[in-house]
Each structure stands twice: as structure tokens, then as C-alpha cells.
A.B. asks: 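Take this structure first; my questions come after.
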Amino acid sequence: MRLLIKGGTVIDPANKINQAADVLVEDGKIKAVLPGGAGAPADVEVLDASGRLVVPGLIDLHVHLREPGFERKEDIASGTRAAAMGGFTSVACMPNTNPVADTRSVIEYIRTRALKTGVINVFPIGAITRSSEGRELVEMGDLRDGGAVAFSDDGRPVSSAQMMRLAMEYSKIVNLPIISHCEDLTLSEDGLINEGYWSMLLGLRGIPAAAEEVMVARDLILAEMTGCRLHLAHISTEGSVRLIEAAKGRGLAVTAEVTPHHLTLTDAVNANYSTNNKVNPPLRSEEDRLSLIRALRDGVIDIIATDHAPHTREEKDCEYDLAFFGITGLETALPLVWTELVEKQALTPEQLIAAMTVKPAGVIGIDRGNLTVGADADITIIDPGLELTVNAEEFVSKGRNTPFGGMKLRGWPVATLVGGRLVMRERKLLA
Ligand code: DOR
């Protein structure tokens with residue numbers, strides 16, 4: 001089968017391409033990237049991409065697919081379809097399922113289910129400690145052999161520094177990164193939103209920036225000591241950015257991510273008391289937000305990851321302090337960052353695409369996120385001019401918990417190809 005994606009602008013940061021070009025796909029692989037205007041080869045199906053951007057399939061390293069155990073919130077079938085709607089061709093899924101992905105059998109179960117019911121590539125992340133309780137290390141080698149691409153107790157921190165040190169030493173032996181959820185529970189305890197002006201004014205208990213920063217500092221120190229590959233999840237404060245910048249300045253192998261919601265919202269939105277804004281780490285101040293954008297632009301923060309955290313209506317439609325933390329993010333990530341950062345010239349299109357393709361691939365060491373000849377034809381087509389209003393009731397995800405409902409956004413994905421197969425076309429799922 002041969003397919004020619006014709007007439008678009010190809011942005012492939014891995015190969016330093018940003019120009020009018022056609023992409024030829026054959027047998028699920030990238031066959032050629034042809035400078036625009038060349039005639040179509042014979043016997044090809046043509047996919048018209050005029051006026052659109054053709055980029056490597058987006059990769060999201062921080063997704064809660066919730067299966068096994070929390071299928072009421074999401075499952076692999078719905079979560080991977082939501083990802084395809086968002087332009088993602090690969091996701092790494094967090095282990096805070098039930099049971100926790102702390103054994104090889106759960107990792108293998110997720111991979112098997114993904115092959116059977118999923119529509120994109122799924123890379124499971126194993127827990128760091130059994131049941132993510134912070135007391136006993138998982139069998140890291142076994143999890144890696146079962147297909148785990150990293151280790152994380154995301155959702156909660158590894159509170160013991162000694163346990164984290166051990167985890168880093170063993171993760172180095174099995175050559176996989178540790179993804180750290182940086183939170184000092186003694187500082188964040190029972191907090192609901194960012195500690196500051198708004199928590200005071202609204203009477204909602206605060207989570208100080210320091211709850212994140214002391215753990216970022218600790219993990220950077222331990223990463224330097226052990227030489228492990230450390231990836232810092234959902235960085236939200238200016239102080240964390242300063243610590244990461246200093247660590248990178250000394251040559252540490254550390255990477256960091258930021259979510260679309262921390263890049264675009266501040267704690268001021270909590271004035272409506274909507275539980276859709278309740279997320280961990282919390283939405284921070286405008287100074288924090290601007291420093292996250294600068295950090296992403298300057299490469300201090302490497303990637304954008306959604307922390308897609310779907311919950312049921314009951315888990316969100318309740319008293320503020322009882323509501324679950326989390327935002328459903330897969331279907332709004334790209335247009336949100338496109339509209340709020342690229343259109344406002346805080347980020348170039350190349351920087352955005354790199355932060356959502358080749359850079360996340362590098363963090364977990366997979367050969368994806370590029371349009372190199374011979375690579376799997378994972379491709380996303382974006383319409384920069386298409387404007388749509390976010391309507392959570394139309395989400396493919398089971399989650400409806402978004403603070404972005406009603407927003408007019410541009411830069412929507414209009415086609416998602418996984419291994420050369422069209423999974424989404426013109427905002428309709430084909431799978
Ligand atoms: O808001 C969040 N929701 N933050 C986390 O760290 C976990 C996540 C979840 O699993 O719902």
C-alpha cells in the first residue's frame with residue numbers, strides 16, 4: 001500500500017525539516033520525504049494536506065489510561081481513541097491502576113490489551129515500589145523484560161530518600177529512567193490549590209511551591225550521586241525551573257516536563273470554585289506560568305506531557321475538598337498550546353513539535369517522533385487555521401473533567417496515522 005501525503009508543510013525537528021514537502025508512505029513505513037511540487041509517483045493513494053502541517057506523530061509520556069481497575073474513568077480502548085483524536089500516535093501510561101503496574105504480568109496485560117483494544121502505540125510505565133507505597137522496590141529487570149519503558153510512582157512521591165536512592169541505582173542497572181512525582185507530603189498535606197493570594201482569598205487550603213521544589217532538589221542531588229536518568233514529571237514552579245537549570249548547567253542527565261494546563265492557566269481561575277481546575281500539582285501563579293513558558297522555550301524544560309487524568313462525574317461533582325485531582329487532557333493539548341503559545345509567539349512551531357515528538361521519544365529511548373526514511377509511519381496532520389470550540393460532552397475520552405470547555409482554539413489535528421494506517425481523519429475516528 002502506498003500513500004502520498006501531498007501539498008503540506010512538513011515540520012520534522014529531528015531531521016531539521018520545515019518546508020513544503022510530500023511524504024510517501026509504503027507498507028507502514030516512511031518511504032521518502034519529497035520536496036514540494038514534485039509530481040505524484042504512480043499508483044499511490046493521495047491524501048491532500050494543502051494548507052496543513054505534516055509532523056511526526058505526537059508522543060505523550062504522561063497519560064493515565066486507568067486500565068486495569070478504573071475502567072469507570074477510562075480504559076485502553078477509550079483512552080487511545082482520545083489520544084488519536086488529540087493527534088497522539090504513542091502514549092506512555094502511568095502505573096497507578098488497580099492492581100498497580102508493579103509486576104511483569106500487569107505490564108504484559110496492558111501491552112496485550114493495547115494490541116487488542118487500542119488504536120495507537122502504548123508504552124507502559126512500571127511502578128517504582130510495590131503498590132506505589134514507597135516501601136519495597138519492584139523487580140525492575142522483570143518489569144523491563146515485560147516491556148516497561150520507565151519507572152514511576154506517579155500520583156504519589158517516593159517519600160523516603162533512601163528508597164529513591166536505591167530505585168535510582170537499580171534503574172541505572174536496567175537502563176531505564178525514573179520519572180519522579182515531586183511532592184513533599186508533609187508540606188502539601190490536605191492542600192487543595194496553590195498556596196498564595198487566591199488560597200487565602202478563597203479559603204481553600206494551600207499547597208506551597210516548596211512542596212514540589214524540595215523534592216526536585218532532593219531528586220537532583222540523588223540523580224547526581226547515582227548517575228541515574230531522571231525525568232521530572234509535571235513541573236509547575238519557577239523555583240523548580242531554577243533548580244533544573246542549575247543541574248543541567250552542571251551536565252546532569254535530567255529531563256523535565258510541563259503540562260498544557262500549567263502553561264496556560266493560573267490559580268486565579270479557582271475563583272469559580274470549579275473542581276475541574278483541581279489538579280496536582282496545582283495551577284500556580286502568573287510568575288510561575290511565565291517561567292515555565294520561558295523554560296520550555298530555552299530547553300530547561302524538555303517536553304510537553306498532558307498528565308491526562310480522567311475521572312467520573314461523581315468524582316468531580318462534589319465538595320471541593322472531596323473531588324479528585326486531575327484534568328482530562330489528551331483531546332485539547334495540541335490546540336491549546338498552539339493557540340496560547342505558538343500564535344502568541346512564545347514558542348515557534350518547531351519548538352512545539354519537538355517538545356511533543358522527538359524529545360519525549362528521547363526520554364524513554366524509543367526510535368519514534370521523526371519522519372526518517374524507514375521509520376514507522378506515525379504521522380499527525382494539523383490544520384493551524386481550523387477553529388473549534390471545546391465541548392467536553394463530545395470528548396472520546398470517558399473523562400469530562402476539563403477547565404477548557406467553551407474555549408475557542410485553533411491548531412487542531414485533522415489526521416492521525418499509526419504505522420501508515422489512518423486512525424483519525426477530518427476529526428472522525430476510523431478505528
Ligand atoms: O492531578 C493529578 N491526577 N495528579 C496526579 O499526580 C495523579 C493524577 C491522577 O491519577 O488522577
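Indexing begins at 1, ligand by ligand and atom by atom, following the structure's order. Predicted model, so just to flag it, every value in this text is computed and none were measured.
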A.B. asks: Mark up the atoms of ligand 1 that fall under 4.0 Å of a heavy atom belonging to Val279, in ascending order.
C.D. replies: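 Under 4.0 Å from Val279, ligand 1 has these atoms: 1 (O).
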A.B. asks: Could you tell me whether Gly326 and ligand 1 have an N or O pair separated by under 3.5 Å?
C.D. replies: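 There is such a contact, yes.
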A.B. asks: Salt bridge or not for Glu286 and Arg289, using N-O below 4.0 Å?
C.D. replies: yes
A.B. asks: Using a 4.0 Å heavy-atom cut-off, say whether Arg156 meets ligand 1 through its side chain, its backbone, both or neither.
C.D. replies: neither
A.B. asks: I want to know if ligand 1 touches Ala309 in the polar sense, i.e. an N/O pair below 3.5 angstrom.
C.D. replies: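 It does not: no N or O of Ala309 is found under 3.5 Å from an N or O of ligand 1.
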A.B. asks: Taking atom CZ of Arg135 as the centre, does the number of heavy atoms from other residues, nucleotides or ligands within less than 6.0 Å exceed 12?
C.D. replies: no
A.B. asks: Could you tell me, atom by atom, which parts of ligand 1 come under 4.0 Å of a heavy atom of His181?
C.D. replies: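 That gives atoms 6 (O) of ligand 1.
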A.B. asks: Which ligand 1 atoms are under 4.0 Å away from a heavy-atom of Gly155?
C.D. replies: 6 (O), 7 (C)
A.B. asks: Carefully, step by step, assess Asp75 and Arg113 under the rule salt bridge (charged side-chain N to carboxylate O under 4.0 Å, His left out).
C.D. replies: CA-CA 10 Å; Asp75 57 29; Arg113 288 290 290 170; over 6 Å; no
A.B. asks: Does this structure show an ion pair linking Glu393 with Arg400, if we count only N-O contacts that are shorter than 4.0 Å?
C.D. replies: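 Looking at Arg400 together with Glu393, the answer is yes, because their closest N to O distance falls below 4.0 Å.
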A.B. asks: At a 4.0 Å threshold, what atoms of ligand 1 neighbour a non-hydrogen atom of Asp307?
C.D. replies: 4 (N)
A.B. asks: How close does the nearest protein non-hydrogen atom get to atom 3 (N) of ligand 1, and which residue and atom is it?
C.D. replies: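 Going by distance alone, atom 3 (N) of ligand 1 is nearest to Phe325 O, 3.1 Å.
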A.B. asks: Starting from atom 9 (C) of ligand 1, locate the nearest protein heavy atom and write down its residue, its atom name and how far away it is, to 0.1 Å.
C.D. replies: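 Its nearest protein heavy-atom neighbour is Arg66 NH2, 3.5 Å.
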A.B. asks: Residue-level breakdown please: for Met94 versus ligand 1, do any non-hydrogen atoms fall below 4.0 Å on the side chain, on the backbone, on both, or on neither?
C.D. replies: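 For Met94, there is no contact with ligand 1 at all, from either part.
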A.B. asks: Looking at ligand 1, is there an atom of it that comes within less than 4.0 Å of some heavy atom belonging to His311?
C.D. replies: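 True for this residue.
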A.B. asks: When you look for heavy atoms under 4.0 Å from ligand 1, do you find them on the side chain of Ile327, its backbone, both, or neither?
C.D. replies: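 Ile327 to ligand 1: no contact under 4.0 Å from either part.
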A.B. asks: Could you tell me whether Arg218 atom CZ has more than 12 heavy atoms of other residues or ligands within 6.0 Å of it?
C.D. replies: yes
A.B. asks: Ignoring hydrogens and angles, state whether a donor on the side chain of Asp267 or Ser199 is under 3.5 Å from an acceptor on the partner side chain.
C.D. replies: no
A.B. asks: Under 3.5 Å, is there a donor-acceptor pair between the side chain of His64 and the main chain of His308?
C.D. replies: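 No; zero donor-acceptor contacts below 3.5 Å.
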A.B. asks: Quick test of your reading of the model: are Arg156 and Glu183 salt-bridged, counting only N-O distances below 4.0 Å?
C.D. replies: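 No, no charged N to carboxylate O under 4.0 Å.
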A.B. asks: Nearest protein heavy-atom contact for atom 5 (C) of ligand 1: which residue, which atom, what distance?
C.D. replies: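 Nearest protein contact, heavy atoms only, for atom 5 (C) of ligand 1 is Asn280 O, 3.6 Å.
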A.B. asks: Closer than 4.0 angstrom: is that true for some heavy atom of His261 and an atom of ligand 1?
C.D. replies: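 Not so, His261 does not reach ligand 1.
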A.B. asks: Tell me whether Arg104 is salt-bridged to Asp142, with the criterion being a basic N under 4.0 Å from an acidic carboxylate O.
C.D. replies: yes
